[in-house]
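Because the structure is predicted, anything quoted here is derived from the model rather than measured.
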Amino acid sequence: KKTVYRMFSSKQELFETLLRERLLRKEPRGLPEDGRCYEERLTRGMCHLAEDFLSPERMSLLRAVVGELSRHPEISLFMERLFASESKTYPIRVWLRELHEQDVLRTNDVDATADQLFGMTIGGLALIELTACRPRLGKAERDAFITNGVHLFLRAARCGPKEDQNPLAS
């Protein structure tokens with residue numbers, strides 16, 4: 001433990017480095033090419049992200065962050081800055097910008113819309129994992145949850161009102 005701490009000037013620097021490098025991985029970049037349509041491609045991409053995001057290592061890191069937030073307000077400020085600076089290039093946002101440019105997605109705010117897609121798919125699964133409010137889902141069940149979430153999301157985004165009235169843009 002002392003050897004690790006010597007590599008950093010403070011415990012906070014160690015924690016911030018760990019979060020920066022491990023929490024918001026940004027791969028893959030583009031929307032997956034394997035799939036017959038954009039819904040299938042987006043679903044495959046979301047399932048891949050979920051597999052990485054819901055890994056035991058990532059869930060342990062998220063538990064540690066949540067546990068430290070109430071005791072260390074500076075971590076909360078760091079997390080806000082981290083998400084503000086890094087989230088623009090997070091794959092979901094990149095993919096939805098691509099769909100918006102192809103006129104598949106109707107929204108005034110791609111970033112907020114990406115947050116909503118994350119919440120109804122990976123975010124929901126993460127809450128199940130973190131709170132143990134339901135039995136742990138297997139890969140097939142997680143993939144089905146994401147498939148349904150992406151389908152509902154795109155149905156609302158495609159069939160919704162014109163851009164200036166889009167409820168997804170909040």
*Quick one: side chain to side chain contact (heavy atoms under 4.5 Å, CB included) partners of S60, sequence neighbours excluded?*
R63
*Kindly write out the residues that satisfy side chain to side chain contact (heavy atoms under 4.5 Å, CB included) with R134, not counting sequence neighbours, or none if the list is empty.*
I128, L137
*Under 4.5 Å between side-chain heavy atoms, hopping through other hydrophobics if needed: is there a path connecting L69 to F78?*
yes
*Between CG on residue L42 and CD1 on residue I92, distance to nearest 0.5 Å*: 8.0 Å
*Selection residues 110-125 - residue pairs positive for salt bridge (Lys or Arg N to Asp or Glu O under 4.0 Å), sequence neighbours left out*: K88-D111, R93-D111, R93-D115, R97-D111
Indicate every side-chain donor-acceptor pair of residues 144-151 with a distance under 3.5 Å to a residue at least two apart or in another chain.
from, atom 1, to, atom 2, distance (Å)
T147, OG1, D143, O, 2.7
H151, ND1, E39, OE2, 2.9

*Exercise: identify the closest heavy-atom pair between D109 and A112*: OD1-N, 3.1 Å
*Is L127 reachable from I122 through a run of hydrophobic residues whose side-chain heavy atoms are each under 4.5 Å from the next?*
no
_Is there a continuous path of hydrophobic side-chain contacts, each under 4.5 Å between heavy atoms, that joins V66 to L54?_
no
*For E13, what residues pass the side-chain hydrogen bond (donor to acceptor under 3.5 Å, both in side chains) criterion, not counting sequence neighbours?*
S9
*Does the side chain of E40 come within less than 4.5 Å of C37's, by heavy atoms?*
yes
_CA sep, side-chain torsions, deciding dist, call: L117, W95, side-chain contact (heavy atoms from CB on, under 4.5 Å)_ = CA-CA 11 Å; L117 174 59; W95 298 338; over 6 Å; no
*Residues in salt bridge (charged side-chain N to carboxylate O under 4.0 Å, His left out) with R136, at least two apart?*
E129
*About how many Å separate CZ of R44 and CE of M46, when rounded to the nearest 0.5 Å?*
15.0 Å
*Minimum heavy-atom distance between T89 and V94, given as atom pair plus value*: O-CG2, 3.8 Å
*Set of residues satisfying side chain to side chain contact (heavy atoms under 4.5 Å, CB included) with respect to Q102, sequence neighbours excluded*: E98, L99, V104
_Pairs involving residues 104-134, ordered by first then second residue, that meet ring pair (Phe, Tyr, Trp, His ring centres under 6.0 Å) (sequence neighbours left out)_ = F53-F118
*Contacts of E51 that satisfy side chain to side chain contact (heavy atoms under 4.5 Å, CB included) - sequence neighbours left out*: K139
*Within-4.5 Å side-chain heavy-atom neighbours: T121 and L49*: no
*Output the distance between atom SG (C47) and atom CG (D52), rounded to the nearest 0.5 Å.*
13.0 Å
